[in-house]
Amino acid sequence: MESLKQKIRSEGIVLSDQVLKVDAFLNHQIDPQLMQQIGHEFARRFAGQGITKIVTIEASGIAPAVMAGLELGIPVIFARKFQSLTLKSDLLISKVFSFTKQTESTIAVSARHLTAADHVLIIDDFLANGHAASALIDVIRQAGASIAGIGVVIEKSFQSGRAELDAQGFQVESLARIASLEGGRVTFLD
Ligand code: 5GP
């Protein structure tokens with residue numbers, strides 16, 4: 001997606017060989033027009049698949065997920081993150097190791113909103129090592145729902161997440177694929 005790549009080139013900040021900061025348009029300040037284009041592009045790539053719900057993870061997945069939900073005309077669920085959790089019977093729970101915070105947290109989705117009748121599109125802001133996606137897949141499977149695919153705004157292709165999701169047979173659609181952040185430069189894969 002060319003407009004996204006241009007935005008990354010002009011406003012993204014390479015913090016290290018591993019981490020890209022995009023808080024000017026995605027992770028803190030949000031560019032609504034770009035988010036709308038992102039939602040449109042996800043809807044185009046996953047059109048006609050009978051998707052009933054989008055599942056994302058708070059907080060940075062919410063903006064692109066809502067825009068995709070608007071385009072597809074379906075509800076969006078964001079998994080809540082808990083530091084500690086009093087277990088409740090109607091919660092679907094999994095653990096996720098945070099790439100940026102380097103801590104483990106618990107995520108939860110209410111079983112009232114996700115059922116075996118659902119066909120789910122997972123959306124997130126970044127794909128690095130695939131921990132967030134794996135936790136969402138776990139929660140969706142606990143509900144007995146099926147998974148249409150995974151939509152990612154920015155994929156860091158040099159980390160392991162993409163290959164792992166491909167190996168599991170998922171349709172993964174990344175709107176910008178980064179081959180390298182070495183030398184403070186963003187190099188795109190395609
Ligand atoms: P993963 O779970 O795939 O290892 O990492 C994805 C999650 O970590 C995303 O939800 C995102 O919030 C965060 N993340 C991973 N890499 C980056 C990065 O380079 N920059 C930012 N801002 N967040 C990242």
Side-chain angles (χ1 to χ4, degrees), residues 1 4-31 34-35 38-39 42 54-69 76-83 92-109 120-141 147 149-189:
M1 191 181 153
L4 173 63
K5 292 200 308 198
Q6 273 179 18
K7 196 78 165 173
I8 293 169
R9 278 190 206 100
S10 60
E11 297 186 30
I13 297 167
V14 178
L15 288 185
S16 70
D17 287 357
Q18 304 282 311
V19 181
L20 176 68
K21 183 170 171 166
V22 289
D23 71 345
F25 58 92
L26 181 57
N27 289 147
H28 187 33
Q29 176 170 262
I30 292 172
D31 180 335
L34 180 65
M35 289 307 127
I38 285 169
F42 279 138
I54 292 175
V55 171
T56 188
I57 189 163
E58 69 176 356
S60 298
I62 296 175
V66 167
M67 289 311 202
V76 176
I77 301 168
F78 61 95
R80 312 287 304 254
K81 282 182 194 155
F82 293 82
Q83 288 302 332
L92 309 165
I93 288 164
S94 192
K95 296 237 185 260
V96 58
F97 183 77
S98 165
F99 176 79
T100 41
K101 298 192 186 102
Q102 294 285 306
T103 54
E104 189 177 70
S105 60
T106 303
I107 63 160
V109 167
V120 179
L121 170 61
I122 295 170
I123 285 189
D124 204 5
D125 59 339
F126 272 91
L127 175 61
N129 293 316
H131 294 125
S134 295
L136 293 175
I137 290 166
D138 182 21
V139 158
I140 292 161
R141 287 192 168 147
I147 297 170
I150 299 150
V152 173
V153 180
I154 302 173
E155 171 188 309
K156 290 181 293 175
S157 312
F158 56 88
Q159 291 171 308
S160 63
R162 173 64 188 248
E164 283 170 24
L165 294 173
D166 279 346
Q168 291 173 62
F170 290 111
Q171 179 186 349
V172 182
E173 296 288 344
S174 304
L175 305 188
R177 303 184 72 194
I178 294 176
S180 160
L181 294 173
E182 278 169 29
R185 263 190 81 234
V186 180
T187 308
F188 292 102
L189 198 63

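Numbering of ligands and ligand atoms starts at 1, following listing order. The first residue of the sequence shown is numbered 1, and numbering continues consecutively from there.
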Completion exercise
Under 4.0 Å from ligand 1, residues with heavy atoms, in chain and number order, are Gln18, Val19, Leu20, Asn27, Phe99, Thr100, Asp124, Asp125, Phe126, Leu127, Ala128, Asn129, Gly130, His131, Ala132, Lys156
Handout entry: Qualifying side chain to side chain donor-acceptor pair (under 3.5 Å) pairs with a residue from residues 21-30, counting only residues at least two apart or across chains
Key = Asn27-Ser60, Asn27-Asp125
Practice task
Keeping the roles fixed (side chain from Lys5, backbone from Ala176), state whether a donor-acceptor pair exists under 3.5 Å.
Solution key: no
Exercise for the section: Tell me yes or no: between the side chains of Ser16 and Gln18, is some donor less than 3.5 Å from an acceptor? Expected result: no
Problem - Presence of salt bridge, Lys81 and Glu58, under 4.0 angstrom - result: no
Exercise for the section: Just jot down the salt bridge (Lys or Arg N to Asp or Glu O under 4.0 Å) partners of Glu182, sequence neighbours excluded, or say none. Expected result: none
Fill in the blank from the handout: Hits for side chain to side chain contact (heavy atoms under 4.5 Å, CB included) against Ala128, two or more places apart or cross-chain, chain-then-number order -> Phe99, Lys156, Gln159
